[in-house]
Amino acid sequence: MSGEKKTFDSTEQPTLKIYNCGLTVYDSPHVGHAKVIIFFDTLRRLLLRKGFRVRYVENFTDVDDKIIQRARELGISTTLLSERYIAEYFRDFGTLNVMKADSYPRATRIMADIIQLVDGLVKMGAAYVVPSGVYLDVGKVKSYGKLSKIKLSELRAGARVEPDPEKKDPLDFALWKIYDEEPLWDSPWGRGRPGWHIECSAMVHKELGEPIDIHGGGEDLIFPHHENEIAQSETLFSKPLSNLWLHVGMLRLSGEKMSKSLGNVIPIAEFVRRWGPNTLRYYLLSGLYRRQLEYSINVLQNSRENWRIVESAKAISDRFPRIGTGEKGDQDDSSAVTSAILNFDSALSDDMNTPQALSELVKLSRLINLRFSSGQVDGDREESLSTGFNLLFDTLGFSKPSIPDEETKSVEERITSRNELRKRGEFGRADQIRSELERAGYALVDYPGGTLWYKSEYLLPGGSE
RNA sequence: GGAGGGGUGUCGGAGCGGUUACGAGCUCGCCUGCAGAGCGAGUAUACAUGGGUUCAAAUCCCAUCCCCUCCUCCA
C-alpha cells in the first residue's frame, strides 16, 4: 500500500494469514500464472523455515462471463469446464512442486456468504439496487483509490468503457448481476450471479478474517480488482483488509504481457515437457518478483545452464551426504556453508530477493561439484556441504524427479554392463549405451569410484522442438 | 492524458552514495578413453542521454528519450 517494506516477527505473530487471488478457470494454466504461484510458494517455504505458521488460501473463480461463454462454445456445463481446468491446475502445479494451499475456496461454493456481504452493503447504504443488479456506490467510500493511488476524477476522465446508464457513477461496480440465463443463483434482488470482486472479499472474510497479513496476486489486479475488494471489505468491516499487498510483475512475451486475452500464452504443461519443472522455477525466480520478466529462448537457455549446475550438485550430495566435512582432516567447508546460508537468508528476508538467493545456491553447487571432481567426498561429520545445499534447495522449492523402481533397476543394469565394456576397452559399445540413456533423459558421470547418474532436465528438448 | 515500474557488460540479473554481486555464453589451455563435472587464462571502456549536488554517483536532484503494466476481463 505504501510501497514500503514491512517486517514480520515470528515470535510476536506466530501465524500469518495469506490470501492469493487465484485463477479464473476457463483455460489451461500458463507460465505467467506460474510466476505468481511459484513466488508465493517460495514465500511460504521461507516463512515456514523462519518459524511462522502460515495459513494460505488461494481461490478459484468459477463463475464468470468467459467461463460461461467458453462452456457454451464447447456445449458443456460451466461446472464441467471449470472442473477440467481445476484438475489441470492441480496436475501442473503438482509437477512444479508447489505446496498445496490450506484451502481452495470457489465462488460457486460460497454463494450464501457472498449474498450476505452484498446484503450488508445494501443495508449500510453503500450499495444500491437497480434493475440490472446491485452496485457499490463508489462515492460512499471515502478512501477509494488508495491502493492504486488513483483519483476518482482521473479515472472517470480516462474511462474506456461506455457508462451503464443505470449506474450512478461510471466507476460503480457490480456486486450482483441480475440475469436470466444459467448459471443462476437466487438472491434477494433477483436471480443472477455475483460480481467478480465480491467473491474475494467473501472468501477472505470466511476463510481468514480481516485483517489478513498478506494479500497478493498479479500486478494487473491492483486496479480495479484489489481496489474494489478494499472498498467492499473495509466499508463493511471497518478494518483494513490486508496489512501488506504483494503484486507480482507480469511475464512478457516479445515485449507484451503474456495473457489469455492476448492469446500469447505458453501452457505450463508444454513448458515442462520441453524444459522441465525446475528450469521453470529457476527462470521465474531469477528475477525479482515485483519486476516484469521477459520470456525468451535465450533467457531460458541461461536458466537451464544454471539449473544444470544445481541438478548435478543435487545428485552428488544425495550420493555423498557427508561431502565437504573434512576429508582426512584437511578439508572443511563449514564456513562456506555458514556464509551461504547467512547470505541466502538475508537476501530472501529483504523483500524476497530470489536472484541473490539463487546465486548462493549456485555457489554451493559449484563447490559440491568441485569437491566431487577432486574426489573429496567422504567426510566424517554430520554437518556438511550437502546439508547446507539441501536447505537452500528445499527453501526455494526445487525438486528431484521421481523415478519408478523398475526404471532405476534397468538404468543401473545398463550402467553396469557399460562399465564392464569400458573395462574391456570396448568404448564404442559403452558410449552407445550412454547415449541411449541420455536420450532417455539420464545423465551419467564417471568418477574414480563408479558412475553417478541422475535424471537431467538439461537433456530435454528445450526450445528446439 | 493520468498512475505505477523499468532502462546495468555478448546475454540474464543483483546492487541504489565509496568494496569483483552472482551466473550464463564465447575463446584458448588443463583434466577425462571420450563425455560430464571441475580447474586456469582471456572476453578493451558495463551502468539510456544531458546537466547538477558531492571529496566520491549506476546509486541523490533536475530535464530529455525509450520500453512495459494499469486506467475493460486478465496472474
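Atoms considered below: every heavy atom in the structure, side chains included; atoms not considered: hydrogens, waters and symmetry mates. Order of the sequence lines fixes the chain letters, A, B, ..., with proteins taken first and strands second; residue numbering starts at 1 for each chain.
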Contacts under 3.5 Å, N or O only, protein and nucleotides 21-23 of chain B:
{"unit_1": "B:G23", "atom_1": "O3'", "unit_2": "A:R366", "atom_2": "NH1", "d": "3.2"}
{"unit_1": "B:G23", "atom_1": "O2'", "unit_2": "A:N306", "atom_2": "OD1", "d": "2.0"}
{"unit_1": "B:G23", "atom_1": "O2'", "unit_2": "A:N306", "atom_2": "ND2", "d": "3.0"}
{"unit_1": "B:G23", "atom_1": "N2", "unit_2": "A:N302", "atom_2": "ND2", "d": "2.9"}

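The CD atom of A:E256 sits 21 Å away from the P atom of B:G6 (whole-angstrom rounding). The CZ-C1' distance, from A:R290 to B:G4, rounds to 13 Å in whole Å. Here the P atom of nucleotide B:G4 and the CE atom of A:M250 are 18 Å apart, to the nearest Å. Rounded to whole Å, atom P of B:G12 lies 13 Å from atom CZ of A:R291. The distance from atom CG of A:L421 to atom P of B:A35 is 19 Å, rounded to the nearest whole Å. Rounded to a whole Å, the CD atom of A:E311 is 12 Å from the C1' atom of B:A37. Look at CG on A:N343: it is 13 Å from C1' on B:A14, rounded to the nearest Å. Note: CH2 (A:W307) to P (B:G13) measures 20 Å, nearest angstrom.
A stem is defined here as three or more consecutive Watson-Crick or G-U pairs, each with both distances under 3.5 Å; for RNA chain B these stems are B:1-7 with B:65-71, B:10-12 with B:22-24, B:25-30 with B:38-43, B:48-52 with B:60-64.
For the pair A:T24 and B:A75, the criterion of a side-chain N or O lying under 4.0 Å from OP1 or OP2 is met.
Taking atom P on both nucleotides, B:U59 is separated from B:C47 by 11 Å, rounded to a whole Å. Taking the P atom of each, B:G7 and B:G17 are spaced 15 Å apart, rounded to whole Å.
For A:D64 against B:C73, a side-chain-to-base donor-acceptor contact under 3.5 Å is absent.
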